[in-house]
Trainee: 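Just passing along the structure, written as structure tokens.
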Number of protein chains: 2
Amino acid sequence: MENDLNEKQIQILQVAETLFAEKGFDGTSIRDISKEAKINVAMVSYYFGSKEKLLESLVLYKTSGLKELLIDLIEEELEPVQKIYKLIDLYVNRLNCNKGIYRILHFELASKKRVLELESFSDIKKANLKSLEIIIKEGQAKGVFRKDVTIELLTPTILGTYFHFQMNKPFFEVILGLNTEEEYNNYIHTTLTMHIQQTIKALLTYES
Amino acid sequence: MENDLNEKQIQILQVAETLFAEKGFDGTSIRDISKEAKINVAMVSYYFGSKEKLLESLVLYKTSGLKELLIDLIEEELEPVQKIYKLIDLYVNRLNCNKGIYRILHFELASKKRVLELESFSDIKKANLKSLEIIIKEGQAKGVFRKDVTIELLTPTILGTYFHFQMNKPFFEVILGLNTEEEYNNYIHTTLTMHIQQTIKALLTYES
DNA sequence: GTTTAATTTAAACAAGTGTTTAATTTTGCA
DNA sequence: TGCAAAATTAAACACTTGTTTAAATTAAAC
């Protein structure tokens, strides 16, 4: 598995992400990408092999850093609750910076048609879940977290809450009076993040 | 505007809905549709004019009945709250029977690329909003509903809640222990519908 | 500076796309 | 039965698709 991408490859991936997010995977042609990235059509096949493999590289590229960040987080000396808070903050920031690719992962690849690179993405999810599991079990050992919690459901809760907010953006823009892009993003990084943190904390910690 | 569709046209639309929902609009070719519907490729252009117009017809066909149902509902003699309850039940049932087309409307047409038939769909939404407005203002006149409510936001709330539940189906299947398709649909028609009804009621009626 | 490898290119490939045409069959009506 | 309209067909249209090829250019290594 080679993950050393040169400048040209990264440039192609960035253009691809934008166009995929705009027009969908099927709606975007290699010629669209090569035109936007100002390269020859053959370069995509030369560097990535195929359009499908380009998508796979894009997914790997955009989700690769997360794994290392989680490993770093595990080794930090923090109280379990604070560690979870930081994890959620990390997730939300990541998702908010990669709207394009996560939109594709959730709606393009959710269809029955494409099941190819689901494997490589499922590997990443497994690794992330493993990191989360370590943090939770650390908290359980310290007697801070409940032991009857289903760890597999924490990630869906964290991501699900964020996606619902992001998907219904026009709706929330109105009801919350968030008129600018800045206001909206600020709301995500403060109130929404706090809400998710409190939800997960309530799920994990003992209650009277 | 001709809405008299013959058997063949309806057959084509039904096949198109299934395939669009499965593989997306761009991912489905006219030849895919004609093959599945066992007709000649030219028939789609013959009956609908183009692939885009086929989609437009599909949207109109699948959303047409709703307007009449709402008009009938308005004329029913029911208390305002009961009318709203019935309206929500009607919406949820509709959405649940037309998963395919609403998936397309929300994720295929939400992209920047296609803005063509958004007009015909926006007409339907306007008509539905008009019906809702009548019901709400009736309740306001009777002193049951608050007068400072933004009617335009009721539909997003009703639909948004349902869609979030349906989009994250694998998630809720697990946490709610809904193992069969029947159990899942039953939950939608009982607990979820009730939740939406209570949410809207709380929003509309005065509280101490 | 020559040679080997990596990069980039234009062109072509076969297959698939939406749509149209023109001929044929089927249908409905006088 | 005859005739005009509608329905259906196979074929072709021009264009786009992802991918490959083979030549040209650039870069690196000796």
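Each chain gets a letter, A, B and so on, in the order the sequences are listed, and its residues count up from 1. The model shown is predicted, which means the values in this text are computed figures rather than measured ones.
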Trainee: Does A:S50 have a side-chain nitrogen or oxygen under 4.0 Å from the phosphate oxygens OP1 or OP2 of D:dG18?
Mentor: no
Trainee: To the nearest angstrom, how far is A:K23 atom NZ from D:dT16 atom C1'?
Mentor: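 Taking NZ of A:K23 and C1' of D:dT16, I get 12 Å after rounding.
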Trainee: To the nearest Å, how far apart are B:I30 CD1 and D:dC15 P?
Mentor: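 It is 17 Å, rounded to the nearest whole Å.
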Trainee: Tell me the interatomic distance from B:F20, atom CZ, to C:dG18, atom C1', rounded to whole angstroms.
Mentor: 12 Å
Trainee: Would you say A:E68 has more than 12 foreign heavy atoms packed within less than 6.0 Å of its CD?
Mentor: yes
Trainee: Please check if atom CD in B:E182 has more than 12 non-hydrogen atoms from other residues, nucleotides or ligands closer than 6.0 Å.
Mentor: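 For B:E182, atom CD is not crowded (no more than 12 foreign heavy atoms under 6.0 Å).
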Trainee: Quick one, which residues of residues 31-40 of chain A touch DNA chain C with a heavy atom under 4.0 Å?
Mentor: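 Result for residues 31-40 of chain A: A:R31, A:N40, sorted by number.
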Trainee: Can you measure B:N6 atom CG to C:dT27 atom P for me and round it to whole angstrom units?
Mentor: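 Checked: the CG to P distance equals 14 Å.
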Trainee: Could you write out DNA chain C as a dot-bracket string, with dots for unpaired bases, | for bases paired across to another strand, and Watson-Crick or G-U pairs counted at under 3.5 Å?
Mentor: |||||||||||||.|||||||||||||||.
Trainee: With a 4.0 Å limit, can you tell me whether B:K8 has a side-chain N or O closer than that to the phosphate oxygens OP1/OP2 of D:dT8?
Mentor: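 Yes, within the criterion.
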Trainee: Using a cut-off of strictly less than 4.0 Å, decide whether A:S29 has a side-chain nitrogen or oxygen near OP1 or OP2 of D:dT16.
Mentor: no
Trainee: Yes or no on side-chain contact (heavy atoms from CB on, under 4.5 Å) for B:I84 and B:I136, after CA distance, side-chain angles and deciding distance?
Mentor: CA-CA 8 Å; B:I84 287 291; B:I136 302 295; 3.6 Å; yes
Trainee: Please name the pair of heavy atoms, one in B:I10 and one in B:Y61, separated by the smallest distance, quoted to 0.1 Å.
Mentor: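 Looking at all heavy atoms of both residues, the shortest contact is CG2-OH, 3.4 Å.
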Trainee: Can you check the B:E7 CD to D:dA7 C1' distance for me, whole Å?
Mentor: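 The distance from CD of B:E7 to C1' of D:dA7 comes to 14 Å, rounded to the nearest Å.
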Trainee: For A:D32 and A:G27, work out which heavy atoms get closest and say how close.
Mentor: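 The pair with the smallest heavy-atom distance is OD2-O, 4.0 Å.
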Trainee: Rounding to an integer number of Å, can you tell me how far B:Q11 CD sits from D:dT8 C1'?
Mentor: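 Atom CD in B:Q11 sits about 13 Å away from atom C1' in D:dT8.
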Trainee: Taking all non-hydrogen atoms of both residues into account, name the closest pair between B:N93 and B:H189 and its distance.
Mentor: OD1-NE2, 3.1 Å
Trainee: Is B:Y46 near enough to D:dT8 that one of its side-chain N or O atoms lies under 4.0 angstrom from OP1 or OP2?
Mentor: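 Answer no for this pair, as no side-chain N or O of B:Y46 is under 4.0 Å from OP1 or OP2.
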Trainee: Minimum heavy-atom separation for A:N186 and A:T190, please, with both atom names.
Mentor: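 Closest approach of A:N186 to A:T190, heavy atoms only: O-OG1, 2.8 Å.
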Trainee: Any side-chain N or O of A:Y47 below 4.0 angstrom from OP1/OP2 of C:dT8?
Mentor: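 Checking C:dT8 against A:Y47, a side-chain N or O does come within under 4.0 Å of OP1 or OP2.
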Trainee: Could you tell me which residues satisfy side chain to side chain contact (heavy atoms under 4.5 Å, CB included) with A:K53, sequence neighbours excluded, listed by chain and number?
Mentor: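 Scan of A:K53 (side chain to side chain contact (heavy atoms under 4.5 Å, CB included), adjacent residues dropped) gives A:S50.
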Trainee: Can you check the A:M43 CE to D:dT26 P distance for me, whole Å?
Mentor: 14 Å
Trainee: Applying the side-chain hydrogen bond (donor to acceptor under 3.5 Å, both in side chains) criterion to B:K83, which one of B:E76, B:E138, B:E77 satisfies it?
Mentor: B:E138
Trainee: A:D26 has an atom CG; how far is it from atom P of C:dG16, in whole Å?
Mentor: 15 Å
